[in-house]
Amino acid sequence: TNVDDWIKPLKRKRRETLKRAGREAQNFTIITKPIRGGHPAPHSSYAHFRCVVQHEVRLLSKMYGASTNAFVNALAEAISRYIGTTRMAGVIQE
C-alpha cells in the first residue's frame, strides 16, 4: 500500500488540501502489523491510549466546550475504543 492508493478515493477538496500541506508534511510510510492471538495488539499500548484520550478530549471540547462533562465523556469514549483494540484480530495499517 502506498499513499497514492489512500488518496485516490478521497473527495477532490480533500486531495487539494493534502497538496497544499506540502511534500514534507506528506512524507510518511504505511506499515502493516499483524495482530496475533494471545499477544497484545501492537496498537493497544499505553502511548496509543493516551493519544486516543487526547484526540477525544479535543474533539468533544470543540463540540461541547471545555467542561468536566466533556472530559468525562471523552475519557469514556477513549476507554471504549481502547478496549475494542484489545479484541481485534487480523492486521492493522499505521
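Hydrophobic clustering places Val53 together with Tyr82 (ILVMFWY residues linked when any side-chain heavy atoms are closer than 4.5 Å, directly or through intermediates). Linking Ile, Leu, Val, Met, Phe, Trp and Tyr whenever their side-chain heavy atoms come within less than 4.5 Å leaves Val52 and Ile79 in two separate clusters. Linking Ile, Leu, Val, Met, Phe, Trp and Tyr whenever their side-chain heavy atoms come within less than 4.5 Å puts Phe71 and Phe49 in one cluster.
With rounding to the nearest 0.5 Å, the separation of CZ in Arg15 from CD1 in Ile7 is 9.0 Å. To the nearest 0.5 Å, the span separating OG1 on Thr17 from CZ on Arg12 amounts to 10.5 Å.
Judged as a salt bridge (Lys or Arg N to Asp or Glu O under 4.0 Å), the pairs with a partner in residues 75-84 (not counting sequence neighbours) are, in order, Glu56-Arg81. Within the structure, side chain to side chain donor-acceptor pair (under 3.5 Å) pairs that include any residue of residues 57-75 do not occur (at least two apart or interchain).
At most 12 non-hydrogen atoms from other residues, nucleotides or ligands lie less than 6.0 angstrom from CZ of Arg50.
The heavy-atom pair separating Gly65 from Ala70 by the smallest distance is O-CB, 3.5 Å.
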